[in-house]
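Below is one structure, written out as structure tokens; comments come after it.
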Amino acid sequence: HKIITIGREFGSGGRELGRRLSDKLGFAYYDQEIITEISKRTDLSEEYVKQITENRPVSAFPIHVGISFYPADNPVFNQSINIYAEQHKLLQELAEKSDCIIVGRCADYILQDKDPFRIFVYADRASKVKRCIEREPSNEKLTEQEIKRNMDGKARRIQILEKIKESSKPVSASKLAALYGVSRQVVVQDIALIRAAGHEIISTNRGYILNEPSGLSRIFKVSHTEE
């Protein structure tokens with residue numbers, strides 16, 4: 001079967017492209033349906049499943065056998081691996097079923113052995129913001145700040161991980177929320193995704209700490225003149 005995978009930046013129009021291609025080519029189209037099915041199979045909320053499936057599985061732990069290689073019991077990691085396992089199984093089933101177009105869900109990575117036609121859709125920031133404001137249903141309108149916040153999720157998680165790494169004491173969710181202008185719930189979701197990426201972040205009653213070996217490091221702050 002012919003398979004087309006579409007990766008996209010938030011607000012770039014990847015879903016619309018997928019639907020148009022589906023209508024033009026007569027291919028099956030899969031997007032939110034994948035989240036709904038995985039949610040049913042794992043008994044987890046669709047929102048949580050969506051957060052996890054938008055990120056590529058940890059390469060060190062293959063999704064078909066991953067949990068058996070993880071050295072310590074970690075409920076959040078285990079849950080994420082279960083989601084990846086169901087996602088892998090479902091995408092393989094869909095690919096075997098008929099010609100199809102799959103938006104997101106790491107389909108290009110999971111189905112790489114089937115040599116899919118890969119498309120990545122991107123756009124400049126101003127165009128993405130404009131598109132989101134114009135295309136969102138009236139009862140689901142996001143503010144410009146919320147749209148930019150969605151676009152910056154991955155960058156924020158990188159910064160959160162660095163902040164926890166650099167800190168000599170636990171970093172609270174409240175502090176991280178205030179620092180990055182998001183809610184505590186968003187921080188909790190970010191921490192879950194960072195853990196799913198293989199970083200052992202531990203929650204204490206004072207905040208988050210990173211349980212990973214760290215070598216000796218020095219940070220130099222340098223200011224250059226024009227000379």
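For the numbers below, each heavy atom of this structure counts, side chains included, while hydrogens, waters and symmetry mates do not.
The distance from the CD1 atom of Ile38 to the NZ atom of Lys89 is 12.0 Å, given to the nearest 0.5 Å. The CZ atom of Arg156 lies 9.5 Å from the CG atom of Leu193; values are rounded to the nearest 0.5 Å. Rounding to the nearest 0.5 angstrom, the gap separating the CD1 atom in Ile35 from the CG atom in Leu44 is 11.5 Å. Atoms CG and CZ, from Leu111 and Arg118 in turn, are 9.0 Å apart once rounded to the nearest 0.5 Å. Of the inter-residue distances, the one linking Ile34 atom CD1 with Leu90 atom CG reads 6.0 Å to the nearest 0.5 angstrom.
Scored by the salt bridge (charged side-chain N to carboxylate O under 4.0 Å, His left out) test, Lys2 finds no partners at all (sequence neighbours excluded). Listed by chain and residue number, nothing satisfies the side-chain hydrogen bond (donor to acceptor under 3.5 Å, both in side chains) test with Glu162 (two or more places apart in sequence, or in another chain). Partners of Gln185 by side-chain contact (heavy atoms from CB on, under 4.5 Å), not counting sequence neighbours, listed by chain and number: Ser183, Gln189. With sequence neighbours excluded, the residues that form a side-chain contact (heavy atoms from CB on, under 4.5 Å) with Gln159 are Tyr180. By the salt bridge (charged side-chain N to carboxylate O under 4.0 Å, His left out) test, Arg41 is found to be paired with Glu37, Glu86, Glu93, residues two or more places apart in sequence or in another chain being considered. Remark: Ser174 pairs with Arg184 by the side-chain hydrogen bond (donor to acceptor under 3.5 Å, both in side chains) rule, at least two apart or across chains.
Hydrophobic clustering (ILVMFWY, side-chain heavy atoms < 4.5 Å, transitive): Ile158 and Leu179 are in distinct clusters. Cluster membership for Val188 and Leu210, using ILVMFWY side-chain heavy atoms within less than 4.5 angstrom, is shared. There is a path of hydrophobic side-chain contacts, each under 4.5 Å, that joins Ile6 to Leu25. No chain of hydrophobic side-chain contacts below 4.5 Å, direct or via other Ile, Leu, Val, Met, Phe, Trp or Tyr residues, connects Ile209 to Ile194. If you chain together hydrophobic residues whose side chains sit under 4.5 Å apart, Leu17 and Phe120 never meet in one group.
Annotation for Lys175: atom NZ does not count as buried by contact number, only 12 or fewer foreign heavy atoms lying within 6.0 Å.
At a threshold of 4.5 Å between non-hydrogen side-chain atoms, the residues Glu33 and Thr36 do not count as touching. Residues Ile119 and Phe117 form a side-chain contact, since some pair of their non-hydrogen atoms from C-beta on lies under 4.5 Å apart. Using a 4.5 Å heavy-atom threshold, the side chains of Ser203 and Tyr208 count as touching. Ile201 is not listed as a side-chain neighbour of Asn211, based on a closest heavy-atom distance of 4.5 Å or more. The shortest distance between side-chain heavy atoms of Ile191 and Ile160 falls below 4.5 Å. Counting only heavy atoms from C-beta outward, the side chains of Gln92 and Asp113 approach each other to under 4.5 Å. Annotation: side chain of Arg195 is not in contact with side chain of Glu200 (no heavy-atom distance under 4.5 Å). Contact of the Asp108 side chain with the Gln112 side chain is not registered, since no non-hydrogen atoms from C-beta on lie closer than 4.5 Å.
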_Residue pair Ile101, Thr5: steps toward the side-chain contact (heavy atoms from CB on, under 4.5 Å) verdict_ = CA-CA 6 Å; Ile101 295 171; Thr5 62; over 6 Å; no
*Stepwise, does the side-chain contact (heavy atoms from CB on, under 4.5 Å) test hold for Ile3 with Asp99?*
CA-CA 6 Å; Ile3 304 166; Asp99 296 337; over 6 Å; no
*asked:* Quick one, Tyr29 with Leu21, criterion side-chain contact (heavy atoms from CB on, under 4.5 Å). Give me CA distance, side-chain angles, the key distance, then yes/no.
replied: CA-CA 9 Å; Tyr29 173 81; Leu21 284 174; over 6 Å; no
*Please step through side-chain contact (heavy atoms from CB on, under 4.5 Å) for the pair Glu46 and Lys40, ending with a clear verdict.*
CA-CA 9 Å; Glu46 290 191 17; Lys40 290 178 182 177; over 6 Å; no
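In summary, of the residues considered (Val187, Asp190, Val182, Val186), a side-chain contact (heavy atoms from CB on, under 4.5 Å) with Leu176 occurs for Val187 alone.
Between Leu91 and Ala107, the closest heavy-atom pair is CD1-CA, 3.9 Å.
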